[in-house]
Number of protein chains: 2
Amino acid sequence: MRLTSFTDFGLRALMRMASDPHRAFSTAELADEFGLSRNHLTKIMQRLAQGGIVATRRGSGGGATLALAPRAISLGDVVRLLEAGQPLVECFATTGNTCSITGCCSLKARLSSAEAAFLTNLDRSTLADIALPKSRPSQAATPVPA
Amino acid sequence: MRLTSFTDFGLRALMRMASDPHRAFSTAELADEFGLSRNHLTKIMQRLAQGGIVATRRGSGGGATLALAPRAISLGDVVRLLEAGQPLVECFATTGNTCSITGCCSLKARLSSAEAAFLTNLDRSTLADIALPKSRPSQAATPVPA
DNA sequence: GATAAGTGGTATTGTAAATACTTATTAAGC
DNA sequence: GCTTAATAAGTATTTACAATACCACTTATC
């Protein structure tokens with residue numbers, strides 16, 4: 001059972017953005033932080049923008065900003081958006097389904113139910129719950145006690 | 001969100017076997033039915049055998065047989081076994097984890113919880129619930145009415 | 001004109017599946 | 001009861017494909 005790296009990085013980016021909901025984050029900044037190419041992250045951001053989770057703005061001072069308050073964005077919604085079109089198993093796909101037992105297959109319904117349970121569980125958390133601290137502990141004003 | 005084809009085919013094979021729990025099914029027979037290579041299915045069967053779900057026997061009259069009654073094998077157990085070693089996201093992997101925010105990351109716990117919900121939901125069903133009919137409708141003794 | 005998002009194309013990596021081959025077990029035949 | 005042949009699982013290697021990531025370039029906004 002696996003989520004795509006798309007979803008993985010998307011969640012990480014949103015975690016970061018949730019720490020400062022009104023700030024615009026450039027893809028360059030976030031990509032640098034996660035150690036992946038800017039263009040790749042751009043594609044993820046585009047998807048998030050299409051889904052109405054972030055708003056993007058070009059030009060100087062631009063970047064991506066959360067379109068809603070962190071507590072209004074559930075993890076389930078994010079995962080649904082970023083995993084859209086990703087079938088749980090082959091026979092869930094609308095095209096290229098080679099399964100010969102589709103008709104009387106009761107497995108499908110049970111897998112669907114489990115998938116729904118997964119997403120419903122994620123709906124209980126929002127971005128506000130997983131926001132990262134604004135700056136890293138090593139850069140914090142108050143040094144951590146040894 | 002995606003299960004590996006390993007799990008997919010494993011479930012299909014078990015569905016088939018559950019229809020006739022005491023019969024030995026050869027990998028050749030099942031592979032032919034699903035349209036994939038025998039050796040590939042063999043690997044899946046091996047994993048199921050290691051996990052104690054099926055018993056295999058070589059030689060004439062051999063094949064794989066369910067090691068337990070269909071109602072004693074939950075779908076969750078099967079999926080846990082076949083998806084073992086498959087991290088939900090990269091930072092779940094024990095090796096090669098490049099995530100820089102592991103320490104204070106509360107996302108991980110929430111994804112784990114959702115994954116558990118997925119499996120728990122599947123535990124509510126057993127192979128007995130998803131067994132396929134013994135023979136295909138087209139070969140049935142009583143022809144279906146038009 | 002500098003900054004930053006958006007787009008199209010290409011390389012790379014990892015998973016999935018097939019091919020070819022080996023080993024073990026059973027059952028038939030002598 | 002031993003030998004042989006057929007059956008079927010197990011192993012190793014290779015090939016094909018799709019997901020992932022990168023690069024060069026374009027467009028928009030300040």
Side-chain angles (χ1 to χ4, degrees), chain A residues 1-10 12-13 17 23-51 53-65 67 82-87 89-91 93 95-96 98-99, chain B residues 1-10 12-13 17 23-51 53-65 67 82-90 93 95-96 98-99:
Chain A
M1 183 175 170
R2 175 151 233 186
L3 299 178
T4 63
S5 72
F6 233 72
T7 304
D8 193 5
F9 285 123
R12 291 195 210 177
M17 292 172 72
R23 197 187 129 194
F25 289 79
S26 76
T27 52
E29 175 187 355
L30 292 171
D32 185 57
E33 186 169 333
F34 300 143
L36 84 163
S37 85
R38 185 188 69 79
N39 302 64
H40 194 59
L41 185 60
T42 294
K43 282 167 191 166
I44 298 168
M45 280 300 180
Q46 258 175 277
R47 184 85 75 90
L48 288 171
Q50 280 160 21
I53 298 205
V54 305
T56 59
R57 213 177 56 181
R58 296 184 176 189
S60 178
T65 315
L82 293 175
E83 294 282 313
Q86 193 71 227
V89 290
E90 189 215 10
C91 63
T95 59
T98 59
C99 181
Chain B
M1 182 175 170
R2 174 150 232 189
L3 299 178
T4 62
S5 71
F6 233 71
T7 304
D8 193 3
F9 286 122
R12 289 195 212 176
M17 293 172 72
R23 198 187 129 194
F25 288 79
S26 76
T27 53
E29 174 188 354
L30 291 171
D32 185 57
E33 187 169 333
F34 300 145
L36 85 162
S37 86
R38 187 188 67 78
N39 302 66
H40 194 59
L41 185 60
T42 294
K43 283 168 197 164
I44 298 168
M45 281 299 179
Q46 259 175 278
R47 185 83 77 88
L48 289 171
Q50 280 160 20
I53 299 205
V54 304
T56 59
R57 213 179 57 179
R58 297 184 175 190
S60 177
T65 316
L82 293 176
E83 293 282 314
Q86 193 70 227
L88 187 60
V89 291
E90 189 213 10
T95 60
T98 58
C99 180

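When reading the values below, keep in mind they use all heavy atoms of this one structure, side chains included, and skip hydrogens, waters and symmetry mates. Bear in mind the structure is a predicted one, so any value in this text is a computation, not a measurement.
Residue B:Ser60 places no side-chain N or O under 4.0 Å from the OP1 or OP2 atom of D:dT7. Regarding contacts with the backbone of D:dT11, a side-chain N or O of B:Gln46 is found under 4.0 angstrom from either OP1 or OP2. A close approach under 4.0 Å does occur between a side-chain nitrogen or oxygen of A:Thr27 and OP1 or OP2 of C:dA5. A sub-4.0 Å separation between OP1 or OP2 of D:dG10 and a side-chain N or O of B:Thr56 is present. Between C:dA17 and B:Ser5, a contact under 4.0 Å exists linking OP1 or OP2 to a side-chain N or O.
Closest to the side chain of A:Arg58, from the set D:dA19, C:dT15, C:dA5, is C:dA5. Out of D:dG10, D:dT20, D:dC22, the shortest distance to the side chain of A:Leu36 is found at D:dC22. For A:Ser37, taking side-chain heavy atoms from C-beta onward, the closest of the listed nucleotides D:dT29, C:dT7, D:dC22 is D:dC22.
Counting to the nearest Å, the P atom of C:dG6 and the CG atom of A:Leu30 are 13 Å from each other. Note: CE (B:Met45) to P (D:dA8) measures 14 Å, nearest angstrom. Rounded to an integer number of Å, the gap from CG of A:Leu41 to P of D:dC22 is 11 Å. The separation between B:Lys43 atom NZ and D:dT11 atom P is 10 Å, rounded to whole Å. For A:Leu82 and D:dA19, the CG to P distance is 16 Å, given to the nearest whole Å. Rounded to an integer number of Å, the gap from A:His40 NE2 to D:dA24 P is 17 Å. As rounded to whole Å, 9 Å separates atom P of D:dA8 from atom CD of B:Glu29. Between the C1' atom of C:dA16 and the CZ atom of B:Phe34 lies a distance of 17 Å, rounded to the nearest Å.
When each of B:Phe6 and B:Arg38 is assigned the nucleotide of DNA chain C bearing its nearest heavy atom, the one mapping closer to the 5' terminus is B:Phe6. Comparing A:Asn39 and A:Arg2 against DNA chain C, the residue whose closest nucleotide sits nearer the 5' end is A:Asn39.
At the heavy-atom level, A:Arg57 lies under 4.0 Å from the strands shown only through sugar-phosphate atoms. Counting any heavy atom pair closer than 4.0 Å across all strands shown, A:Ser26 reaches sugar-phosphate atoms only and no base atom.
When B:Arg38, B:His40, B:Met45 are each tested for a side chain to side chain contact (heavy atoms under 4.5 Å, CB included) with B:Thr42, only one passes: B:Arg38.
Residues B:Leu48 and B:Leu82 have side chains in contact (heavy-atom distance under 4.5 Å, counting atoms from C-beta outward). The shortest distance between side-chain heavy atoms of A:Leu3 and B:Val89 falls below 4.5 Å. Two residues are said to be in side-chain contact when any heavy atoms from C-beta on lie closer than 4.5 Å; A:Gln86 and A:Thr7 fail this criterion.
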